[in-house]
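Structure first, then comments.
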Amino acid sequence: MNIFAAYKDIVLAELDALTAEGLLPAGLDTGRVTVEPPRDPSHGDMATNAAMVLAKPAGQKPRDLAAALAARLERAAGVTEASVAGPGFINLRLLPAVWLTCLRDCLRAGPAYGDSRIGDRRRVNVEFVSANPTGPMHVGHARGAVVGDALAALLEKAGFRVAREYYINDAGAQVDALARAAHARYLQALGRLGEADIAAMLARKELEYGGDYLVPVGERLAAEFGDAYVDEPEATWLAPVRERAVAMMLDAIKDDLAALGVAFDVFTSERGLVQAGRVDATLAFLEAQDLIYTGVLEPPKGKTPEDWEPRPQTLFRATRFGDDVDRPVRKSDGSWTYFAGDIAYHRDKVERGFSDLINVFGADHGGYVKRLQAVVRAVSDGHAHLDVKLCQLVSLLDRGEPVKMSKRAGTFVTLRDVVNRVGKDVVRFIMLTRKNDAALEFDFAKVTEQSRDNPVWYVQYAHARACSVLRHAETLFPGRDLSPAGLADAAVEVLEAPEERDLVRLLASWPRLVEGAAEAHEPHRVPYFLGEVAAAFHGLWTKGKDDAELRFLVPDDPARSLARLALVQGVATVIASGLQIIGVEPVRELR
RNA sequence: GCGCCCGUAGCUCAGCCGGAUAGAGCGUCGGCCUCCGGAGCCGAAGGUCAGAGGUUCGAAUCCUCUCGGGCGCGCCA
């Protein structure tokens, strides 16, 4: 339970009471009322801005309204003091029992602590990765994969029902190019082409993809097709080779994603949508609403392509839904553009019952956001909403030096390389240590070192340390119930030190953080919060060094020790709960 | 030229659906190891929140403009 939300409900109830008494006009908008931790902890446990927000519409002075509200709040359950401060804040002090109850809730809930119902089981569609099935995944894809997966997990924790989706771009020129490259490797596998021939074809731009990863693909094609497509024209082999090559690439991508701990619920094929007539149907649907027309676009100002010439095109009226220009849906050869397929795909999502859509894209797709949002509005009659999370570049470093990557030189760093080198947990955590729209540096040396510099290690260390204390306690207090549930029954009232109280409050704010991060679609808040918990815990741990009274384990005072163990277990539980969202395994020991 | 993102301490970054004295790490300086894991902790110094206007009781946060950086800009996906 989010204890701050609970007290907000109390504030709202007291506001209603003031209204009933005639002290407030009816029908006030309380949407901007908040109850949150005060900036300065010395102000109290919680603060509300209710009086300041409502003063003007109520026609009252903020401090007068605050005084009236505070008088009521002072009598509310768990409140020991409600004071008016500054321009009209009401600071609340709560009984310690309020926070200690949160700690008990945490211990009883385990890693499920922080689960929320704000999602109300509404369905959300999260599309991410959607890498072209033309080769292995590289590090750039890893960020989108982690952001999408963690966002999905965060939304699930907040009570949404989430579908993780991958859109397979298997209908365009890219996969034809893949098929040609795979066919060349097929000929190579049959001894009809040598490595030099392939190099020459690449140099002549006859082939687009030259990576070694296609060698085994060629071998498998040779095994499956024999020499059936050796002397045939492209028209004969393109489709079957393409189909098999795409399937193999997709399998490889799924393997890479599995290594990163990412799995999808739904894969949607662009080609499948085209072949099922969904693109035609969608465009007809839009045409019926006069949202498709033939027109001539203006050249982009300041950057007119050299071969620009005005020509009539089939356009979608994206400008009617907030886009900057209308967008072409048909190429000059009559086939659909990529965008047309995406219109059909997003209509498909809406028709499957999703009105909350999230797409995780690379930053280079920024120019695509408005048109997609326009599409979603158009195909849903304005009911569905699309949020796009753009992920900025990841730059790979090693001890501060850029890792040189070049496709040509073969020093391209794949997702698999990175996972093999540092482990999936490190990759996942680090990918969330920046908000998605800020560039991220990934330093191989730094992310694996054991120091305060390395946030993954720092958080894991806190968890391991907590587990270590609990292990030690088992030998010190044999026969005691030190399980989380048992510790929940400990007399935690003896947690009186300010540092202990602060840590309890921090743990109690975890459910609030989950809700805020989920509403904002910002999974990066989770690792930051875990860093705060870890710092508070390490600090308290070290205080026990200076002041033996503060040590977690006091051999001749089992009652105090058990209470502190409850706190230690709370730390471990919240860290585990947060790591679960990120998809990182909490370690019980560091090695 | 237009659109989107970014600009916060020396460095790397949180904070941004408006709230009180703008936070953290690194670095610098000064401290803390008989100990439940010192792989750590504590303290100090360090700021025109890029700049200028505006809205507001209140702006790092919202709006406008300027400057600086990144990305994108008709049949690539």
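Just so it is clear, the model here is predicted, and its values are computed rather than measured. Here is how names work: the chains are called A, B, and so on, in the same order as the sequence lines, proteins then strands, and each is numbered from 1.
In this entry the distance linking CE of Met137(A) with P of A77(B) reads 20 Å, nearest Å. Going from atom CD of Gln392(A) over to atom P of C5(B) covers 11 Å, rounded to whole Å. Atom CZ in Arg465(A) sits about 7 Å away from atom C1' in G38(B), given to the nearest Å. In this structure, the NE2 atom of His521(A) is 17 Å from the C1' atom of C16(B), given to the nearest Å. Taking atom CZ on Phe361(A) and atom P on C76(B), their separation rounds to 19 Å, with Å as the unit. Whole-Å rounding puts the His524(A) NE2 to A14(B) P distance at 6 Å. If you take CD of Glu522(A) and C1' of C17(B), they are 11 Å apart, rounded to a whole angstrom. Put simply, CG on Leu65(A) is 19 Å from P on G19(B), counting in whole angstrom units.
With a 3.5 Å ceiling on both atom-pair distances, the Watson-Crick or G-U wobble partner of A44(B) is U28(B). G7(B) is paired with C67(B) under the criterion used here, namely a Watson-Crick or G-U wobble arrangement in which both key atom distances are under 3.5 Å. Judged by Watson-Crick or G-U wobble contacts below 3.5 Å, the nucleotide C73(B) has G1(B) as its partner.
For the residue pair Asp45(A) / Tyr7(A), no side-chain donor-acceptor distance below 3.5 Å is found, with atom types taken as modelled. Gln174(A) and Thr134(A) are not linked by any side-chain donor-acceptor pair at a separation below 3.5 angstrom, with hydrogens and angles left out of the test. Between Asn91(A) and Ser83(A), the side chains place no donor N or O within less than 3.5 Å of an acceptor N or O (distance only, hydrogens not considered).
The stretch residues 175-182 of chain A has no heavy atom under 4.0 angstrom from RNA chain B at all.
A donor-acceptor pair under 3.5 Å is absent between the side-chain atoms of Asn169(A) and the main chain of Glu270(A), judged by distance alone. A donor-acceptor pair under 3.5 Å is formed between the side chain of Asn454(A) and the backbone N or O of Glu449(A).
The side chain of His472(A) contributes no N or O atom lying less than 4.0 Å from OP1 or OP2 of C35(B). Residue Lys435(A) places at least one side-chain N or O under 4.0 Å from the OP1 or OP2 atom of G15(B). Taking side-chain N and O atoms only, Tyr345(A) has no distance below 4.0 Å to OP1 or OP2 of A77(B). At C57(B), one or more side-chain N or O atoms of Lys56(A) fall inside 4.0 Å of OP1 or OP2 (strictly under the cut-off).
Residues Leu393(A) and Thr433(A) both approach RNA chain B. Their nearest nucleotides, taken by heavy-atom distance, put Thr433(A) toward the 5′ side. Mapping Val296(A) and Val53(A) onto RNA chain B by nearest heavy atom places Val53(A) at the nucleotide closer to the 5' end.
Arg434(A) comes within contact range of the sugar-phosphate backbone alone, with a heavy-atom separation under 4.0 Å but no base atom that close.
Atom CD of Glu243(A) has 12 or fewer neighbouring heavy atoms from other residues, nucleotides or ligands inside a 6.0 Å radius. Within a 6.0 Å radius of CD in Glu206(A), other residues, nucleotides and ligands contribute more than 12 heavy atoms.
With G3(B), C41(B), A77(B) as the candidates, the nucleotide lying closest to the side chain of Gln174(A) is A77(B). Side-chain proximity of Arg311(A) to the nucleotides C41(B), G74(B), C36(B) is greatest for G74(B).
Aromatic ring orientation, Phe316(A) versus Phe339(A): tilted (interplanar angle from 30° to 60°).
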